[in-house]
Structure formats: C-alpha cells, structure tokens
Colleague: 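Structure incoming, see below.
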Amino acid sequence: MSVLAVPVSPISQSKRRLAKIFSNEQLEELTLAMLKDFCKKTLDLNCFTEKIVYCNTAQVLELSEEYGFCPIREESGQKIDNFNDVIAQMNNMILKKFNPENVVISFVDLVLISPTNLVEIKNLLEKNQLVICPSVHSLGISILGRNPPDVIDTCFSPSNGSSLIAQIELAKKNDLVKIALYDSFRAGFDVDLKEHLKLGYEFLKIFNLTDSETYKFMQNHLKTLLK
C-alpha cells in the first residue's frame with residue numbers, strides 16, 4: 001500500500017512570504033487555486049492506494065475530498081513551530097490509519113508538476129528507501145518519499161538552511177544505502193517568493209498549463225506581480 005500525502009498550511013497562514021504583494025484574501029485564493037490544480041493532476045493516478053490532504057482548515061479539507069482525497073484534520077492544540085514535527089504528526093496518523101508500505105510527501109505549490117512526475121517518483125520509491133526531488137530555487141526539498149514511511153526523520157527547514165544536504169547527511173548517518181535523487185525542473189519548481197510567481201507565470205504558458213486555476217490567478221493579478 002502506498003500513500004500520497006499533501007500537507008497544507010492553515011489557509012490563513014499559507015504563503016505568508018507573499019504577504020507584501022498580496023492581500024490575505026488573494027493569498028487564500030492563490031492557495032485554493034494551487035490546491036485545485038494539484039488535485040486535478042492526480043485524478044487519473046492509480047499508483048497510490050490512498051491520497052490524503054492534511055490540514056486544519058475545513059475549506060481545504062472539503063475541497064480536497066471533492067477530488068477524491070482523504071481529508072485528515074491536523075490535530076488542534078498547541079501551535080507547532082517546527083515543520084518536521086508537523087510532518088511527523090501527519091506521518092503517525094497515516095501509519096495508524098493505513099499502515100502503508102511507503103509514503104510520498106508533496107506540496108500544492110509545485111505548480112508545474114505533472115502526473116508523470118508523481119508516477120516516476122512512486123516507481124523509484126519501490127526500489128529505494130528514500131527518494132528526494134530537490135527544489136529548483138534552493139538546496140531544499142520539493143518532494144520526499146520514504147520506504148517504509150518511518151525509515152528516517154525529515155529535515156525540512158534545518159538551521160543551516162539546506163534541507164537537501166541535511167536530509168542526505170542524516171540518511172548517511174542512519175546507514176541508508178538505497179537513496180535516489182529525482183532531478184526534475186517541473187517537480188522541483190515551487191512558488192514561494194515574488195520572483196517564483198513571475199517565472200511560474202511564464203512557465204505555465206510554456207508548458208501549456210494556461211487552463212489551470214493558478215495561471216488564471218496570476219493573469220488576473222499580473223500588474224501587482226510586476227510592480
């Protein structure tokens with residue numbers, strides 16, 4: 001059994017690095033647009049036994065369920081500042097609910113990702129303990145697959161600033177030998193800063209993704225982006 005897991009920040013906190021150029025309402029609109037696009041791309045995928053969205057925002061959970069995702073509400077209570085703790089909490093809930101053989105963690109802001117990317121990553125994970133797709137913009141991680149799901153902790157947003165290096169170093173420390181890097185521009189292009197939005201708008205046209213909700217959002221707010 002394999003699970004595609006998509007953690008989504010509470011919609012009121014999503015994409016806060018873009019708060020200087022977009023209003024709270026626009027940021028919510030962008031997050032929901034990216035979520036819709038990501039969900040649509042998985043509609044015909046049969047390589048995952050389950051697809052889940054992990055969030056504590058009802059609107060996000062309800063929308064993901066419309067596209068066939070299993071909504072899992074993030075546990076409320078004390079605020080968790082460390083994103084790795086959020087992932088660990090999500091992973092524990094997935095293990096209890098599904099007991100899968102492996103889990104692929106992806107994010108909705110990968111606006112160029114294709115269904116083929118997810119299939120290829122899943123296929124790599126069948127033969128490896130750890131599969132990492134590096135981020136295009138930094139030494140970060142855009143997608144992470146673990147087989148089994150608790151084979152190693154995650155290293156998102158470490159103190160040294162490089163998730164990719166920290167994850168590989170931890171894998172070596174834990175004697176993991178079956179590690180695969182999935183180097184893909186489309187799967188590694190995330191949207192987090194103003195510059196990413198400008199580039200993303202152009203690449204959405206290049207990859208013929210102009211019917212996407214994200215492209216429509218960018219087109220409607222292009223003047224704001226170019227200021």
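The figures here come from the full heavy-atom set of this structure, side chains too, leaving out hydrogens, waters and symmetry mates.
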Colleague: With the side chain counted from C-beta on, respond yes when Arg146 and Asn91 share a heavy-atom pair under 4.5 Å apart, and no when they do not.
Modeller: yes

Colleague: Once side-chain hydrogen bond (donor to acceptor under 3.5 Å, both in side chains) is applied, do any residues pair with Thr154, and if so which ones, sequence neighbours excluded?
Modeller: Asn84

Colleague: Taking the side chain as every heavy atom from C-beta outward, state whether Tyr215 and Leu209 have any pair of such atoms under 4.5 Å apart.
Modeller: no

Colleague: Do Met1 and Ile52 land in one hydrophobic cluster if side-chain heavy atoms of ILVMFWY residues count as linked below 4.5 Å?
Modeller: yes

Colleague: Any sub-3.5 Å donor-acceptor pair from Ser14's side-chain atoms to Ser9's backbone N or O?
Modeller: no

Colleague: Could you check if a side-chain atom of Asn147 sits within less than 4.5 angstrom of a side-chain atom of Asn128, using non-hydrogen atoms only?
Modeller: no

Colleague: Using the ring pair (Phe, Tyr, Trp, His ring centres under 6.0 Å) rule, collect all pairs that involve residues 51-70, keeping only residues at least two apart or in two chains.
Modeller: none

Colleague: Can we say Lys172 and Glu169 salt-bridge, meaning some charged N sits less than 4.0 Å from an Asp/Glu carboxylate O?
Modeller: no

Colleague: Which residues pass the side-chain hydrogen bond (donor to acceptor under 3.5 Å, both in side chains) test with Glu66, not counting sequence neighbours?
Modeller: none

Colleague: According to side chain to side chain donor-acceptor pair (under 3.5 Å), does anything in residues 33-48 pair up with another residue at least two apart or in another chain? List the pairs.
Modeller: Asp37-Thr214, Thr42-Lys51

Colleague: Please list, chain by chain and in numerical order, all residues satisfying side-chain hydrogen bond (donor to acceptor under 3.5 Å, both in side chains) with Glu126, sequence neighbours excluded.
Modeller: Lys122

Colleague: So, taking the atom named OG in Ser163 and the one named CZ in Phe83, what distance separates them when rounded to the nearest 0.5 Å?
Modeller: 9.5 Å

Colleague: Under the ring pair (Phe, Tyr, Trp, His ring centres under 6.0 Å) definition, can you give me all pairs with a residue in residues 115-142, not counting sequence neighbours?
Modeller: His137-Phe189, His137-His196

Colleague: Decide whether Val177 and Leu125 are clustered together by the hydrophobic rule: side chain heavy atoms of Ile, Leu, Val, Met, Phe, Trp, Tyr closer than 4.5 Å, transitively.
Modeller: no

Colleague: Answer yes or no: is there a side-chain heavy-atom contact under 4.5 Å between Ile179 and Ile168?
Modeller: no

Colleague: Compare all side-chain heavy atoms of Glu74 with those of Val86 and state whether any distance is below 4.5 angstrom.
Modeller: yes

Colleague: Using 4.0 Å as the upper bound for N to carboxylate O, is an ion pair formed by Glu195 and Lys198?
Modeller: no

Colleague: I'd like to check Phe22 versus Leu197 (side-chain heavy atoms, cut-off strictly below 4.5 Å). Are they in contact?
Modeller: yes

Colleague: Among residues at least two apart in sequence or on other chains, which ones pass side chain to side chain contact (heavy atoms under 4.5 Å, CB included) with Gln59?
Modeller: Ile11, Leu32, Thr57

Colleague: With heavy-atom distances below 4.5 Å as the criterion, would you say the side chains of Ile21 and Gln26 are in contact?
Modeller: no

Colleague: Can you name the nearest heavy-atom pair linking Ser142 to Gly188, along with the distance?
Modeller: OG-CA, 3.5 Å

Colleague: Is there a donor-acceptor pair closer than 3.5 Å between any side-chain N or O of Glu50 and the backbone N or O of Val3?
Modeller: no

Colleague: Using a 6.0 Å cut-off, check whether atom NZ of Lys178 has over 12 heavy atoms from anything other than its own residue.
Modeller: no

Colleague: Please list every donor-acceptor pair under 3.5 Å in which a side-chain atom of residues 93-113 meets a protein atom from a residue at least two apart or in another chain.
Modeller:
| residue | atom | partner | partner atom | Å |
| --- | --- | --- | --- | --- |
| Asn102 | OD1 | Ser2 | OG | 2.5 |
| Asp109 | OD2 | Lys15 | NZ | 2.7 |

Colleague: By the salt bridge (charged side-chain N to carboxylate O under 4.0 Å, His left out) test, which pairs, at least two apart or in different chains, include something from residues 20-31?
Modeller: none

Colleague: Measuring from Gln219:CD to Ser212:OG, what's the distance to the nearest 0.5 Å?
Modeller: 10.0 Å

Colleague: Mind checking side chain to side chain contact (heavy atoms under 4.5 Å, CB included) for Asn174 and listing every partner two or more places apart, or none if nothing turns up?
Modeller: Ile152, Leu170, Leu176

Colleague: After noting the C-alpha distance and the side-chain angles of Leu144 and Ile87, does the key distance pass the side chain to side chain contact (heavy atoms under 4.5 Å, CB included) rule?
Modeller: CA-CA 11 Å; Leu144 184 72; Ile87 296 298; over 6 Å; no

Colleague: Determine, using the 4.5 Å side-chain heavy-atom cutoff (strictly less than), whether Val119 and Ile121 are members of one ILVMFWY cluster.
Modeller: yes

Colleague: Calculate, to the nearest 0.5 Å, the distance between atoms OG1 and OH belonging to Thr210 and Tyr201 respectively.
Modeller: 9.5 Å

Colleague: Taking side chain to side chain contact (heavy atoms under 4.5 Å, CB included) as the test, write out the residues that go with Glu120, two or more places apart.
Modeller: Thr116, Asn117, Tyr182

Colleague: If I take atom CG from residue Leu181 and atom CG from residue Leu130, how far apart are they, to the nearest 0.5 angstrom?
Modeller: 8.5 Å

Colleague: Using every non-hydrogen atom in the two residues, find where Pro7 and Ala5 come nearest and quote the distance to one decimal.
Modeller: CD-O, 3.6 Å

Colleague: By side chain to side chain contact (heavy atoms under 4.5 Å, CB included), which residues pair with Ala88, not counting sequence neighbours?
Modeller: none

Colleague: Roughly how far, to the nearest 0.5 Å, is the CG atom of Asp85 from the CZ atom of Phe156?
Modeller: 13.0 Å

Colleague: Can you tell me how far OG of Ser135 sits from CG of Leu139, rounded to the nearest 0.5 angstrom?
Modeller: 9.0 Å

Colleague: Could you check whether any side-chain heavy atom of Leu35 comes within less than 4.5 Å of a side-chain heavy atom of Cys39, counting everything from C-beta outward?
Modeller: yes

